Structure formats: C-alpha cells, structure tokens
Amino acid sequence: MPELPEVETTRRGIQPHIEGRVVKKLVVRQPSLRWLVPEELPAIVKGQRIASVERRAKYLLLGFTKGTAIIHLGMSGSLRIIKATEPPMAHDHVDWILEDGRALRFTDPRRFGCLLWQGKGEAQHALLASLGPEPLSSEFDGELLYQRSRNRKSPVKTFIMDNKIVVGVGNIYANEALYAAGIRPDRAAGSISRKRYLCLAEEIKKVLAKAIEQGGTTLRDFVGGDGKPGYFKQELMVYGRGGQPCRHCRKLLTEVRLGQRSTVYCRACQR
DNA sequence: ATAATCACCTGCTCGC
DNA sequence: TGCGAGCAGGTGATTA
C-alpha cells in the first residue's frame, strides 16, 4: 500500500489527533511483525506524551521525551484514529490508546510493517542510519543521481528505488517518474547523461509532490489517517496499465519484470 | 562494492 | 464452486 506519499498522507492525517496527547496504554495484540515489537515497549511509553509526529523516508517517527517509536507500514499497513472502544478486527495488531478516549490503531494483514523503539541517547537505529536524502529536499537533485550512478550497470529503475541513493521512491512512482522523464526503466544507470538525470530528479519530485497533494494513491483500500482514500490513481500514466495504450502516443504499453517488480513503460516515448 | 535472489505474510484474481 | 499459481504498494538478509 504505502509509498512515500501515502506515508506522508497518513502522517498528516494522524498528527493533529495524537501530537501532544498522552499514551494511556499501548496494546500489542500481535508482536510478530517484520521484527518483533519490543516486549518492554508498552511499559516504556505508558503515560508518556507524544511530542512530535515526523516522517523519515517511509518511516513514521513518534517522538517522546524518552525516545522515538519507529513505525513502518510495510506493504499493507495502515494507521487510523478510532474510538478506543472499537473492537479489533483480524489484523489490528497494535492500539495506542490515548487519554481522550480515542486510539491510534495499526492494521497490517501481511505484517511486513514494524514497530520499534530507539531510546534517547542510543545510537541512531540501523534502519535509519544509512538512508539517502529525502526526495523532496534540496539535497536531492539530478547531479546527485548522475554522480552516484557512474559505473553502475543495474537498471535505472532499480537504482532510483535504492534507498541508499534516495529514499521514498517505490514501485508506482518509479514507473511514473521514468515515464515522465522519457527514460526506459531497463537502461543501465551508468549510461544515462547528466542532463537526463536532471530531468528525472525533477520528475521524481513532481510526481511525489503531486501524489501527496492528492492524498496518495489508493489501489485497494488505502485510506489516510482521516479515513479518506487517495485520489492519485486517476493520474497514473503507466503503473498498472501494461498492455493498455500510452496516454501520449496510443501505442500499447510494455510490461516487464525488473528486480522482481512489475515495470511498465512505453517503447516509443521512453528511450 | 555491486547485483541478483530470497524471505517475510495474507489476500485477492486468474485460469482450469 | 473449488483449487493451485501467481501477484501485490517494501526492504533487509543472503548469495554470487
């Protein structure tokens, strides 16, 4: 479900409801997520105030005086605000019960998500330590892509999805940005010119920013923290459209697999 | 160091 | 209608 725009949409949806609130109780029904939820976490956060709700890459960070809760939504995770009395459904693994009678509920059928803890003063969590720049920040640009791609033989699509290069570019938006930039996804990253990388970086920024504006892409059942679906799906040019006509030239879009991920592009518009 | 593959898990769609 | 195969928004770990 979530790529960066969906995670950011979630963050914006839940922040007004939980920031500044005190955690009355953390209920972990299913600790077995991608990594085990730390056993001691409920005791650590009980009675603690959520001071901040931030995002780094696709991680959501709940800031406390004593440390930071690190949440990832994986492929199928979501967070929403509920009444604390709402009975849990099958994949409702964690509830952050607040003192105002509501709760932040984490749901994740596939359990690829995680909930971890980094205590204040501990070294930065390994998951966050070697991440590349945020795609919407000024640290990320075409020059960086150009420099980092020299001598790389892997496909450019795989390259821009590598979170050591830049974070937050998932399969949907990688496909979309490459289409917008007119670059074939299977070209070797090292064979692409500086000029084309400048264009690609701009398109990555544009597609992500636009998707955030629209509240993310709802494919199956993604909803933001406010329960509203995303509206970006109607803007997709290639993702999920293999075999259908290119919206620009009407030729049929090609679908291939690159690094186990479905990849769709136009053989005429992308070179 | 880089590239390719595997693994984690449930649910849904498709073809027979 | 039922059943196995394959696929899905992510990404760390493992293998060449």
Side-chain angles (χ1 to χ4, degrees), chain A residues 1-11 29-37 55-60 70-79 89-94 106-116 124-132 135 147-177 185-191 204 207-208 211-212 214-224 229-233 235-236 238-243 255-264:
Chain A
M1 174 258 297
E3 288 200 31
L4 186 141
E6 291 72 47
V7 177
E8 179 60 21
T9 296
T10 297
R11 191 194 69 77
R29 291 183 205 84
Q30 170 57 281
S32 180
L33 304 180
R34 180 159 192 200
W35 295 282
L36 216 55
V37 177
R55 179 187 61 71
R56 172 73 176 106
K58 295 172 190 165
Y59 295 94
L60 286 166
I70 302 170
I71 299 170
H72 198 290
L73 302 178
M75 289 275 260
S76 59
S78 60
L79 286 167
M89 307 277 282
H91 302 295
D92 295 341
H93 306 313
V94 178
F106 174 73
T107 305
D108 184 9
R110 291 176 73 179
R111 290 192 271 132
F112 287 175
C114 68
L115 167 56
L116 297 169
Q124 183 172 43
H125 201 286
L127 291 175
L128 305 177
S130 54
L131 294 174
Q147 295 297 341
R148 299 287 312 265
S149 63
R150 294 309 89 185
N151 301 320
R152 287 240 189 185
K153 291 177 63 187
S154 60
V156 59
K157 175 163 177 269
T158 312
F159 173 69
I160 60 173
M161 291 177 71
D162 180 347
N163 68 14
K164 290 188 287 302
I165 304 301
V166 57
V167 302
V169 182
N171 199 34
I172 298 178
Y173 302 110
N175 278 297
E176 294 299 314
D186 59 353
R187 286 194 74 101
S191 75
I204 288 171
V207 72
L208 291 175
I212 291 170
Q214 312 252 331
T217 300
T218 291
L219 295 182
R220 290 184 179 77
D221 52 3
F222 169 78
V223 289
Y231 291 97
F232 194 74
K233 188 169 194 298
E235 311 260 341
L236 296 177
V238 287
Y239 181 82
R241 298 193 65 246
E255 178 154 8
V256 297
R257 296 193 76 73
L258 236 42
Q260 341 275 80
R261 312 304 299 275
S262 100
T263 302
V264 185

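Computed from a predicted model, the values in this text were never measured in an experiment. In the text below, chain A, chain B and the rest are named by the order of the sequence lines, each starting its count at 1.
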Exercise. Taking atom C1' of C:dG10 as reference, at what distance in whole Å does atom CG of A:Leu127 sit?
Worked result: 12 Å
Can you pull every protein N or O that's under 3.5 Å from an N or O on nucleotides 6-9 of chain B?
residue: B:dC9; atom: O4'; partner: A:Arg110; partner atom: O; Å: 3.2
residue: B:dC9; atom: O3'; partner: A:Arg111; partner atom: NH2; Å: 3.0
residue: B:dC9; atom: O2; partner: A:Arg110; partner atom: NE; Å: 2.9
residue: B:dC9; atom: N3; partner: A:Arg110; partner atom: NH2; Å: 3.4

Problem set entry | P gap between B:dT5 and C:dC7, integer Å | 14 Å
For this session: Could you tell me whether the side chain of A:Glu176 and the main chain of A:Tyr239 form a donor-acceptor pair under 3.5 Å?
Result: yes
Problem set entry | Whole-Å P distance, C:dT14 and B:dC9 | 15 Å
For this session: Let me know the distance between CZ of A:Arg257 and P of B:dA4, rounded to the nearest Å.
Result: 15 Å
Exercise. Considering only side-chain heavy atoms of A:Arg152, which listed nucleotide, B:dA4, C:dG9, B:dT2, is closest?
Worked result: B:dT2
Exercise. Are OP1 or OP2 of C:dA8 and a side-chain N or O of A:Ser262 less than 4.0 angstrom apart?
Worked result: yes
Problem set entry | Spacing between A:Ile71 atom CD1 and C:dG10 atom P, to the nearest angstrom | 18 Å
Problem set entry | A:Val169 side chain reached by A:Leu4 side chain, heavy atoms, under 4.5 Å | no
Seminar exercise, completed: DNA chain B in dot-bracket form (Watson-Crick or G-U pairs under 3.5 Å, [ ] crossing, | inter-strand) is .|||||||.|||||||
Problem set entry | Parallel, tilted or perpendicular: rings of A:Phe106 and A:His93 (30°, 60°) | tilted
Exercise. Is there a side-chain polar atom (N or O) of A:Lys58 under 4.0 Å from OP1 or OP2 of C:dT11?
Worked result: yes
For this session: Quote, to the nearest angstrom, the P distance that separates C:dG6 from B:dC6.
Result: 14 Å
Problem set entry | Nucleotide nearest A:His91 when distance is taken to its side chain, options C:dC7, B:dG11, C:dG10 | B:dG11
Problem set entry | Short side-chain to backbone donor-acceptor contact, A:Arg111 and A:Gly113, under 3.5 Å | no
Problem set entry | Spacing between A:Lys157 atom NZ and B:dA3 atom C1', to the nearest angstrom | 15 Å
For this session: Would you tell me if any nitrogen or oxygen in the side chain of A:Tyr173 comes within less than 4.0 Å of OP1 or OP2 on C:dG10?
Result: no
Problem set entry | A:Ser32 backbone acceptor or donor facing A:Gln30 side chain under 3.5 Å | yes
Side-chain atoms of residues 150-157 of chain A: list all donor-acceptor pairs with protein atoms under 3.5 Å, sequence neighbours left out, distances to 0.1 Å.
residue: A:Arg150; atom: NE; partner: A:Tyr146; partner atom: O; Å: 3.0
residue: A:Arg150; atom: NH1; partner: A:Gly190; partner atom: O; Å: 3.1
residue: A:Arg150; atom: NH2; partner: A:Ile192; partner atom: O; Å: 2.7
residue: A:Lys157; atom: NZ; partner: A:Asn171; partner atom: OD1; Å: 2.7
residue: A:Lys157; atom: NZ; partner: A:Thr263; partner atom: OG1; Å: 2.9

Exercise. Stepwise, does the side-chain contact (heavy atoms from CB on, under 4.5 Å) test hold for A:Val7 with A:Leu60?
Worked result: CA-CA 7 Å; A:Val7 177; A:Leu60 286 166; 3.8 Å; yes
Exercise. For the pair made of CZ in A:Phe159 and P in B:dA4, what is the distance, rounded to whole Å?
Worked result: 14 Å
Exercise. If we only count heavy atoms from C-beta on, is the A:Arg148 to A:Ile165 side-chain gap below 4.5 Å?
Worked result: yes
Exercise. OP1 or OP2 of B:dA3 less than 4.0 angstrom from a side-chain nitrogen or oxygen of A:Ser154, does that happen here?
Worked result: yes
For this session: Nearest whole angstrom, please: distance from the C1' of B:dT5 to the CG of A:Leu258.
Result: 14 Å
Exercise. Given C:dA8, B:dA4, C:dT11, which nucleotide is nearest the side-chain atoms of A:Asn163?
Worked result: C:dT11
For this session: Return no unless some side-chain N or O of A:Arg261 is found under 4.0 Å from OP1 or OP2 of C:dG9.
Result: yes
Exercise. Do the side chains of A:Cys114 and A:Ile71 get nearer than 4.5 Å, heavy atoms only?
Worked result: no
For this session: Would you indicate whether the side-chain heavy atoms of A:Leu131 and A:Lys164 approach each other to under 4.5 Å?
Result: no
Problem set entry | Whole-Å distance separating the CE atom of A:Met89 from the C1' atom of B:dG11 | 14 Å
For this session: Measure from CD1 on A:Ile172 to P on C:dA8 and round the result to the nearest Å.
Result: 11 Å
